[in-house]
**Q** 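Submitted below is the structure of interest, expressed as structure tokens.
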2 protein chains.
Amino acid sequence: MKIGELAKRTGLSASKIRFYEDIGLLKMVERKANGYRSYPKEAEVVLNLIVSGQQAGFSLDELKALLPADLSGWQHAHLIDALKQKVMDIEQLQAKLAENKQRLTAILAEIDAKPDDMDCADNAKRVLTQMGLKNDK
Amino acid sequence: MKIGELAKRTGLSASKIRFYEDIGLLKMVERKANGYRSYPKEAEVVLNLIVSGQQAGFSLDELKALLPADLSGWQHAHLIDALKQKVMDIEQLQAKLAENKQRLTAILAEIDAKPDDMDCADNAKRVLTQMGLKNDK
DNA sequence: CTTGACCTTAAAGTGAGCTTTAAAGTTAGA
DNA sequence: TCTAACTTTAAAGCTCACTTTAAGGTCAAG
């Protein structure tokens, strides 16, 4: 498979695929007689895995450490640990977001409860202060 | 309040606080006779808001558009719109995170299901393939 | 009156994750 | 055979979010 086809199949730009090769992230590539890159079908899987990993919050360096050069060289324990750590990270973020959201909706309710009888600037100040001060986690 | 104290209070570096001012994100600052920056207590609130917003996935540019120049300049309607927008953004982020987490836990379950009895390379290949295919959203 | 901890600035540097550019070679189709 | 759409490279450029550097000014304590 040439780079153009791989690019289309994965939705990534060719330059991005070459870049991943440059930094040692995508090693599954050979060269044809004309110098063109030639990819095995597994390259598509690995690229999808890279995109997945990025979406899950892994940096390219982290992925480089996690991904095997070839599919059979994969370290189980290491990967599992990393995945578990990432899930925990996500859980922390979820908790934080839930808290932020809850806080915002509470503030909205509070504002709705005090419509136009209170001074607007004072109300805004009060509300913002509450937002800010609760942020010291 | 001088910049050093504000830095300590917020846990941010002084250079970061100056940088936020440079890009027009933190406008609540005056100058003393000696040229030193002087911050009102509200600056701490705003900086906490900025940190909050970043943690929730907002870029500094987005925050710049969202945050008021001064606290009293926030109009009631504007405030409500911004908060509602933020809640919606948080909901989007929550959905994204849930998806990522679900993906990772699925992968973990997949690996745990076939421990050491299966050929390692084949297991890796199978798991990777599933990850890859689940990524075509 | 000196020391050291603060504060100031503009400009350059950093690192991640790319894209763009330029100049060239290759190939498939009409 | 010509053309258009590929492919190659190294190097430079870009955005974001900062930090670092260099060269200086201010201030409180001893």
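As the structure is a prediction and not an experimental result, all values here were calculated from the model. Below, chain A is the first sequence line, B the second, and so on; all start at residue 1.
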**Q** What pair of heavy atoms forms the shortest contact from B/I23 to B/K64, and how long is it?
**A**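 Looking at all heavy atoms of both residues, the closest pair is O-NZ, 3.0 Å.
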**Q** What integer distance in Å separates A/R18:CZ from C/dC18:C1'?
**A**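 Rounding to the nearest Å, CZ of A/R18 and C1' of C/dC18 are 13 Å apart.
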**Q** Just the rounded figure in Å: distance from C1' of D/dC18 to CG of B/L25.
**A**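 So the CG-C1' distance, B/L25 to D/dC18, works out to 13 Å.
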**Q** Go through D/dA17, C/dT8, C/dT26 for me and flag the one nearest to the A/Y36 side chain.
**A**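 In terms of side-chain proximity for A/Y36, the closest of D/dA17, C/dT8, C/dT26 is C/dT26.
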**Q** Measuring from the side chain of B/S59 (C-beta onward, heavy atoms only), which nucleotide among C/dT26, D/dA17, C/dC18 has the closest atom?
**A**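 In terms of side-chain proximity for B/S59, the closest of C/dT26, D/dA17, C/dC18 is D/dA17.
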**Q** So if I take every side-chain heavy atom of B/F19 and compare against D/dT7, C/dG17, D/dA17, which nucleotide ends up nearest?
**A**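 The answer is D/dA17, which lies nearest to the side chain.
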**Q** Which nucleotide, C/dT19, D/dC18, C/dT27, lies nearest any side-chain atom of A/N34?
**A**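 Looking only at side-chain atoms, A/N34 lies closest to C/dT27.
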**Q** Take the protein atom NZ of B/K32 and the nucleotide atom C1' of C/dC6, then report the distance between them rounded to whole Å.
**A**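 After rounding, the reported distance stands at 12 Å.
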**Q** Check the distance between C/dC18's P and A/L26's CG and give it to me in whole angstrom.
**A**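 Answer to the nearest Å: 13 Å.
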**Q** Below the 4.0 Å mark, does D/dC18 have OP1 or OP2 next to a side-chain nitrogen or oxygen of B/K16?
**A**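 Checking B/K16 against D/dC18: at least one side-chain N or O falls below 4.0 Å of OP1 or OP2.
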**Q** Would you tell me if any nitrogen or oxygen in the side chain of A/R37 comes within less than 4.0 Å of OP1 or OP2 on D/dT7?
**A**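 False: A/R37 side-chain N/O out of range (4.0 Å or more) of D/dT7 OP1/OP2.
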**Q** Rounded to the nearest angstrom, tell me the gap between atom CD1 in A/I3 and atom C1' in C/dT27.
**A**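 A/I3 atom CD1 is separated from C/dT27 atom C1' by 16 Å.
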**Q** Verify side-chain contact (heavy atoms from CB on, under 4.5 Å) between A/Y20 and A/L63, making sure each step is shown before the conclusion.
**A** CA-CA 11 Å; A/Y20 287 163; A/L63 290 173; over 6 Å; no
**Q** Has A/R31 got a side-chain N or O lying under 4.0 Å from the OP1 or OP2 atom of C/dT26?
**A**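 Result: no.
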**Q** Expressed as a whole number of angstroms, how long is the span from B/L6:CG to C/dC6:C1'?
**A**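 Spelled out: CG on B/L6 to C1' on C/dC6 is 15 Å.
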**Q** Which nucleotide wins on minimum distance to the side chain of A/S13, given the candidates C/dT19, C/dT8, D/dT8?
**A**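 The answer is C/dT19, which lies nearest to the side chain.
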**Q** Are B/K32 and B/R37 side-chain neighbours, meaning at least one heavy-atom pair lies under 4.5 Å?
**A**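 Not touching, per the 4.5 Å side-chain cut-off.
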**Q** If I take atom CG in residue B/D22 and atom P in nucleotide D/dT20, what distance separates them, rounded to the nearest angstrom?
**A**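 My rounded result for the distance is 16 Å.
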**Q** Looking at A/S15, I'd like to know whether one of its side-chain N or O atoms comes within less than 4.0 Å of OP1 or OP2 on C/dC18.
**A**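 No, because none of the side-chain N or O atoms of A/S15 sits under 4.0 Å from OP1 or OP2 of C/dC18.
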**Q** Starting from the 5' end of DNA chain C, give me the residue, B/G4 or A/I17, whose nearest nucleotide shows up first.
**A**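 In this pair, the answer is B/G4.
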**Q** Within the pair B/Y20 and D/dA17, is there a side-chain N or O less than 4.0 Å away from OP1 or OP2?
**A**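 Answer is no, no contact under 4.0 Å.
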**Q** Let me check something: do A/L12 and A/Y36 share a hydrophobic cluster, defined by ILVMFWY side-chain heavy atoms less than 4.5 Å apart, either directly or through other members?
**A**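 Result: no, two separate clusters.
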**Q** Counting any heavy atom closer than 4.0 Å, what does A/I23 reach on the DNA or RNA strands: base, sugar-phosphate only, or nothing?
**A**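 Here A/I23 touches no strand at all.
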**Q** Between B/K16 (side chain only) and B/A7 (backbone N and O only), is there a donor and an acceptor less than 3.5 Å apart?
**A**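 Here the side-chain-to-backbone pair does not exist.
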**Q** CG of B/L47 versus P of D/dA17: gap in Å, rounded?
**A**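 Rounding to the nearest Å, CG of B/L47 and P of D/dA17 are 15 Å apart.
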